[in-house]
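These notes concern the structure reproduced below.
Not measured: the values here are computed from a predicted model.
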Amino acid sequence: MKNFFVLFLFVAAQMILAQIPTQPKDPLVKDPFFNAQQAANSQTGEKVQHIHSDKFGVEPGRYNGNPFFQGNVQFQHQGSTLTADVVILYRDQNFIKAIGNVKLQNADGSVITANEMEYDGNTERGIARGNVVLTDPKQTIKTHTLYYDRRTNKAYFNSGGTITSDNNTIYTNSATYNIATKSIDLSGSVKIDNPEYSVEGSHIVHNQNTNTSEFFGPTRITNKANPLNYVYTEKGTYNQNTKEVWLYRNSRIHYNNKILTGDKMYYNQFTGYGKAEGNVTLNDPREKRYIKGGFGEIWEKKDSAMITDKPYAVKILEKDSIYFSAQKILAYQKLDSAMQKKSYLRAFRKGRMFKSNAQARADSISFNETDGILHLDGNPILWSGEKQVTGDRIEAYFNTVNQTIDSLKVLGNAFAISKADSLNDKDEFNQVKGRVMTVYYENNEVKLAQALGNAQAITYADSQDEKTKEIDRIGILVSTCGTLEAEFEERKIQIISCNIGAKSKLYPMSKISKENRFFTDFNWNTKDRLRKWQDIFVDSPNYPEKVYKSDDTLYDAAQKALEAERAKNQPKTPKRVRK
């Protein structure tokens, strides 16, 4: 293409035409594109060889009296050949115009066809107009008007056009082609189309040597096989050979109905692998859940993702939300045995969960979002209201409709504690233990606990005056059973079943010491309990341990009376007299 416009330098080289006595009656009116000043050190181009024309002449009524070549006009220059119906020479302006079936065959294999061409030998600029088609070994450019500047070695158009290369077709309002670097600067409404994907943007720079595109401004890369999977960015680079894209501003990766965002991102369309750094968010609208962190990775084909660097997840419910945090959070989908796709969320190391009516800590947390099953592993502890559950492993079963807890299953060293009366600050706690325990909820409150295997319970027994509705403390029931069922009410717990080697004894408050009111491994944890959702971000909120008061009045009085009785009944011992 470069040699194409060099051809037009024949204007200065055709010295024989200087002998033609012409005096055009009208001055030449040039396109403003030709108004650039001629360089001071510009030199006349090499001579062009006139091969053929059916006619040459000057006619006052034609072309304003300028000399012209007509009929099968053909010129050659440095291996390039120009053919046209008519070539007009504006000798005084060092300017020519070719009209009708214009074709330029260049030595580099490129060909330009147009309705007409103009060239200014002083500025070394040319214009091809009307059905312009440029073809070379790499591409075909079609437009209405093509401008060329030989000094900068650039061609451009702003009248809309298409560029076709390999399987790509580019549609754009404007384009500037750097012939030396094979780089095309596309602007306006740009679209790159091929069988696998399409790219749409406002400003794209495409390098044909590397087959890479740089994006400046809003740009979208869409997977044609699945149009819901696409990449959006306002600054980035795309390698069309490897299908890799690097994103740097306001970018999003849409895949499998999920959206990954971050300050700096990467995505490979072949492998489906992507990553993001800085202010990372993975949004899953179908699951009504998003995950945030400092670094994230996705595997589209496996439909999985991992977020690290202080990650946390939020599952949005109709009237509440569940917050998760850990050192690493995984989100993935997989098929179950019935070939149904299930969605999972896993939080590894220092797992935390906060919900307004339930909070948990564990080394790891796994949540089957589809079935509503939550697994707590590694020193788990779960709080609900004024109740606490611990064990080797805890499984919580949620109602997937209203997202409330239906039940808990505690496997190994199960221990449930509840405040005997949440309205006071006394150290009175109902306690149920067993190897395995199932806890049932009703209206977000613990309703029933079933303990199996070495079941034990310490429960406070109360009575209520039917008339005054006043509560009187009867005593404490200590139970040991193979299996045990305890029913929880708002301010009390009742043992409704104690089977297999059952032993139960009711101690009046005056007959049981403080030490015997607690199991040896009792640990009512108020320091580590999450009281607001922001507590998920710390190892422990480290709240001051709540201090409870002990009411040992009856027991102390009974002990004092016993001591007095012992002293009273103790026989007097005669004094020993030394002889």
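One finds the OH atom of Tyr255 at 14.0 Å from the CG atom of Leu228 (value rounded to the nearest 0.5 Å). Atom CG of Asp363 sits about 7.5 Å away from atom CG of Asn379, to the nearest 0.5 Å.
Taking the ring centre of Phe33 as origin, the terminal cationic atom of Arg125 falls inside the region bounded by 6.0 Å and 45° from the ring axis. Relative to the six-membered ring of Tyr197, Lys224 misses at least one condition, a distance below 6.0 Å or an angle of at most 45° to the axis.
For Lys315, the NZ atom sits in a packed shell: over 12 heavy atoms of surrounding residues, nucleotides or ligands are nearer than 6.0 Å. No more than 12 heavy-atom neighbours from other residues, nucleotides or ligands sit within 6.0 angstrom of NZ on Lys310. The environment of CG in Asn131 is sparse: at most 12 heavy-atom neighbours from other residues, nucleotides or ligands sit within 6.0 Å.
Using the six-membered ring where Trp is involved, Tyr312 and Tyr290 have ring planes that are perpendicular, over 60° apart on the 30 and 60° scheme.
A search for ring-ring contact (aromatic ring centres under 6.0 Å, His included) contacts involving Tyr397 returns nothing, not counting sequence neighbours. Partners of Glu200 by side chain to side chain donor-acceptor pair (under 3.5 Å), not counting sequence neighbours: none found. The ring-ring contact (aromatic ring centres under 6.0 Å, His included) test applied to Tyr344 returns Tyr332, not counting sequence neighbours. Looking at residues two or more places apart in sequence or on another chain, you find no salt bridge (Lys or Arg N to Asp or Glu O under 4.0 Å) involving Asp392. Not counting sequence neighbours, Tyr232 has no partner by the ring-ring contact (aromatic ring centres under 6.0 Å, His included) test.
Among residue pairs with one or both ends in residues 209-220, none qualify as salt bridge (Lys or Arg N to Asp or Glu O under 4.0 Å); sequence neighbours excluded.
Side-chain atoms of His206 and Ser213 form a donor-acceptor pair, as typed in the model, at a separation below 3.5 Å.
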Steps toward side-chain contact (heavy atoms from CB on, under 4.5 Å) verdict (Lys292, Ile307) = CA-CA 7 Å; Lys292 288 182 174 288; Ile307 309 297; over 6 Å; no

